[in-house]
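As the structure lists them, so they are numbered: ligands from 1, and atoms in each ligand from 1. Computed from heavy atoms alone, side chains included, the values below leave out hydrogens, waters and symmetry copies.
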Amino acid sequence: MLSLNSFHTFGLSANAKNLVRLTDVDQLIPAEPFYILGEGSNTIFLEDYEGCILQVCLKGVEITEHNDHYMVRVAAGENWHQLVIHLLQEKIFGLENLALIPGTVGAAPIQNIGAYGRELADFCHSVETLHLQNGEKTAIAAVDCQFGYRDSIFKQSEALALLITHVNLRFDKEWKPHNQYGELQALGEAPSPLEIYNKVVEVRQSKLPDPAKVGNAGSFFKNPVVEGDLFRLLKAKWAEIPGYSQEGGRVKIPAAWLIDTLGFKGKTVGGIACHAKQPLVLINQNHGTGQELLTLARDIRDSVYREFGIVLENEVRLMGKLGLITL
Ligand code: FAD
Ligand code: EPU
């Protein structure tokens, strides 16, 4: 058995039967149940896992310049934030809004990482995959990845055997700022990429706990998207409820507001707590256990459902002894 404590940013105590570091796409993979892991910043190992962890350690960044754009092919094991910095230094702009998101490049398409008004899908050209059962290598065009809010084809059960080996990104040379989201508006009309980068880093550091200091996996739940009718009903009762219009008359509601309104900020179950600054983030503040985390998360989910009639879904990947589980 091998300790997984340092392989997931939430830091719960858990073991795996086996761990293989994948450093070459043609490497032999053991024939046993597996879980593909990057840096574990969106995975929580709730208990011992009875399978093999395949840790993706493929490295390399290739940049090709074209007339009006750049193509960047990045190996899955590269760190996302280091890529953001590297491209800024190379004067290839676009990823500045997505600074400081933990984890690997290979995990970025899985939930179509997003922050501050931008998401991976805005830059993704294609995703190269290796099928771990039949060895087939395929490049999937971005249009076929079904990117949505914290969603993609890679989350579907048929795709769980697909290991992402490389992500191909495309950046137009003509760059314009995207600073409409919340705190970025303060940057005014024409901020530079570096100003956006610095602001995103500053805002994130002020709100989100640093996983190097306190165990966490970012937002625990997704922000729910509800029908317009339900939103209007809620608005009649809770005048201050925030909502952002989506396609088809639907409305995205910040889960942080729902959880905050129910008074969960700072609430603890054993060593697990609801973060006092950002209640959508659950933290492992004092050697918590998987069971304590599930108790608090289910209490939040059930309370939100009772009060608002909204079903919160976990955003993080929860691993049980046989594989992924839902809350
Ligand atoms: P892991 O947790 O290792 O894996 C996540 C999922 O991807 C798993 O299902 C795993 O099986 C799969 N996977 C990983 N690599 C591969 C691969 N090569 N091929 C196939 N499947 C693979 N996310 C956002 O979208 N926006 C944010 O603003 C954001 N902020 C965060 C802030 C903090 C403090 C933390 C801790 C997390 C945050 N996250 C955010 C979540 C996290 O950063 C992303 O989900 C990230 O993409 C996870 O990368 P990882 O390598 O750590 O993934
Ligand atoms: N809010 C409260 N109380 C609080 C905090 C927030 O009511 O204590 C409400 C406010 O109305 C605020 C709103 O929640 O305007 C949104 O808060 P915030 O801007 O912090 O963003 P979020 O919706 O909680 C999402 C992502 C983050 C991403 C940020 C910035 C999800 C699940 N989370 O958080 O992603 O960094 O927006 O774009 O979509 C992650 O996925 O792990 C993650 C951290």
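Asn314 and Leu327 get closest at one heavy-atom pair: OD1-N, 3.4 Å. Between Leu282 and Cys274 the shortest heavy-atom distance is CD2-CA, 3.8 Å.
Any N or O atom pair closer than 3.5 Å counts here, and Asn216 shares no such pair with ligand 1. Ligand 1 has no nitrogen or oxygen under 3.5 angstrom from a nitrogen or oxygen of Val56. Note: an N/O pair closer than 3.5 Å links Thr104 and ligand 1 by distance alone. On a distance-only criterion, Gly40 and ligand 1 share at least one N/O pair closer than 3.5 Å. Ligand 1 has an N or O atom lying under 3.5 Å from an N or O atom of Arg317, backbone or side chain. At under 3.5 Å, a nitrogen or oxygen of Glu39, whether backbone or side chain, sits near a nitrogen or oxygen of ligand 1. Considering both main-chain and side-chain atoms, Pro102 comes within under 3.5 Å of ligand 1 through a nitrogen or oxygen pair. Any N or O atom pair closer than 3.5 Å counts here, and Gly114 shares at least one such pair with ligand 1.
Listed by number with element, the atoms of ligand 1 under 4.0 angstrom from any heavy atom of Ala217 are 35 (C), 36 (C), 37 (C). Every atom of ligand 1 with a heavy atom of Ala115 under 4.0 Å away is listed here by number and element: 28 (O). For ligand 1, the atoms sitting less than 4.0 Å from at least one non-hydrogen atom of Leu162 are 20 (C), numbered in the order shown with element in parentheses. Every atom of ligand 1 is numbered from 1 in the order shown, and the set under 4.0 Å from a heavy atom of Leu37 is 3 (O).
Atom 45 (O) of ligand 1 has its closest protein heavy atom at Gln111 NE2, 2.9 Å. From the protein, the heavy atom lying nearest to atom 47 (O) of ligand 1 is Ile113 CG2, 3.3 Å. Atom 7 (O) of ligand 1 has as its closest protein heavy atom Ile110 CG1, 3.3 Å. Protein heavy atom closest to atom 40 (C) of ligand 1, with residue, atom name and distance, is Ile101 CG2, 3.8 Å. The closest protein non-hydrogen atom to atom 14 (C) of ligand 1 is Ala107 CB, 3.6 Å. Of all protein heavy atoms, the one closest to atom 10 (C) of ligand 1 is Ile36 O, 3.1 Å. Protein heavy atom nearest atom 32 (C) of ligand 1, with residue, atom name and distance: Arg204 NH2, 3.4 Å. The nearest heavy-atom contact from the protein to atom 42 (C) of ligand 1 is Ser41 OG, 3.4 Å.
Listed by chain and number, the residues in a ring-ring contact (aromatic ring centres under 6.0 Å, His included) with Phe7 amount to none (sequence neighbours excluded). Residues that satisfy the side chain to side chain contact (heavy atoms under 4.5 Å, CB included) test with Ala76, not counting sequence neighbours, are Val56.
Counted by atom type alone, Asn168 and Ser126 present one or more donor-acceptor pairs between their side chains at under 3.5 Å.
Look at Pro209 and you'll find a heavy atom under 4.0 Å from some atom of ligand 1. The closest approach between a heavy atom of Arg150 and any atom of ligand 1 is below 4.0 Å. Distances shorter than 4.0 angstrom do not occur between any heavy atom of Leu98 and any atom of ligand 1.
Remark: the backbone N or O of Glu119 is paired with a side-chain donor or acceptor of Asp122 at under 3.5 angstrom.
Here Arg73 does not pair with Glu78 in a salt bridge; the nearest charged N to carboxylate O distance is not below 4.0 Å. Under the 4.0 Å criterion applied to side-chain N and carboxylate O atoms, Glu315 and Lys222 are not assigned as salt-bridge partners. With respect to Arg250 and Glu227, a salt bridge is recorded, a charged nitrogen being found less than 4.0 Å from a carboxylate O.
Annotation: salt bridge (charged side-chain N to carboxylate O under 4.0 Å, His left out) contacts involving residues 271-287, sequence neighbours excluded, are absent.
Classified by interplanar angle (parallel below 30°, tilted 30° to 60°, perpendicular above 60°), the ring pair Trp238/Phe308 is tilted.
For the pairing with Glu39, the side-chain hydrogen bond (donor to acceptor under 3.5 Å, both in side chains) check across Asn79, Thr104, Thr9 returns one residue only, Asn79.
The cationic atom of Lys173 (NZ for Lys, CZ for Arg) lies less than 6.0 Å from the six-membered ring centre of Tyr70 and within 45° of the ring axis.
Aromatic rings from Phe171 and Phe93 are positioned such that their centres are separated by 6.0 Å or more.
A distance of 11.0 Å separates NZ of Lys321 from NZ of Lys17, quoted to the nearest 0.5 Å.
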Report each N/O pair between ligand 2 and the protein that falls under 3.5 Å, naming both atoms.
residue: ligand 2; atom: 3 (N); partner: Asp260; partner atom: OD2; Å: 2.7
residue: ligand 2; atom: 8 (O); partner: Asp260; partner atom: OD2; Å: 3.4
residue: ligand 2; atom: 8 (O); partner: Lys265; partner atom: NZ; Å: 2.8
residue: ligand 2; atom: 19 (O); partner: Tyr181; partner atom: OH; Å: 3.1
residue: ligand 2; atom: 19 (O); partner: Lys207; partner atom: NZ; Å: 3.2
residue: ligand 2; atom: 20 (O); partner: Lys207; partner atom: NZ; Å: 3.0
residue: ligand 2; atom: 20 (O); partner: Gln278; partner atom: NE2; Å: 2.9
residue: ligand 2; atom: 23 (O); partner: Asn223; partner atom: ND2; Å: 2.9
residue: ligand 2; atom: 24 (O); partner: Gln278; partner atom: NE2; Å: 2.7
residue: ligand 2; atom: 33 (N); partner: Ser219; partner atom: OG; Å: 3.0
residue: ligand 2; atom: 35 (O); partner: Arg150; partner atom: NH2; Å: 2.9
residue: ligand 2; atom: 36 (O); partner: Arg204; partner atom: NH1; Å: 3.4
residue: ligand 2; atom: 37 (O); partner: Tyr181; partner atom: OH; Å: 3.4
residue: ligand 2; atom: 38 (O); partner: Tyr116; partner atom: N; Å: 2.8
residue: ligand 2; atom: 39 (O); partner: Tyr149; partner atom: OH; Å: 2.7
residue: ligand 2; atom: 39 (O); partner: Arg150; partner atom: NH2; Å: 3.3
residue: ligand 2; atom: 39 (O); partner: Asn223; partner atom: ND2; Å: 3.4
residue: ligand 2; atom: 41 (O); partner: Arg150; partner atom: NE; Å: 3.2
residue: ligand 2; atom: 41 (O); partner: Arg150; partner atom: NH2; Å: 2.9
residue: ligand 2; atom: 41 (O); partner: Glu315; partner atom: OE2; Å: 2.4
residue: ligand 2; atom: 42 (O); partner: Ser219; partner atom: N; Å: 2.8

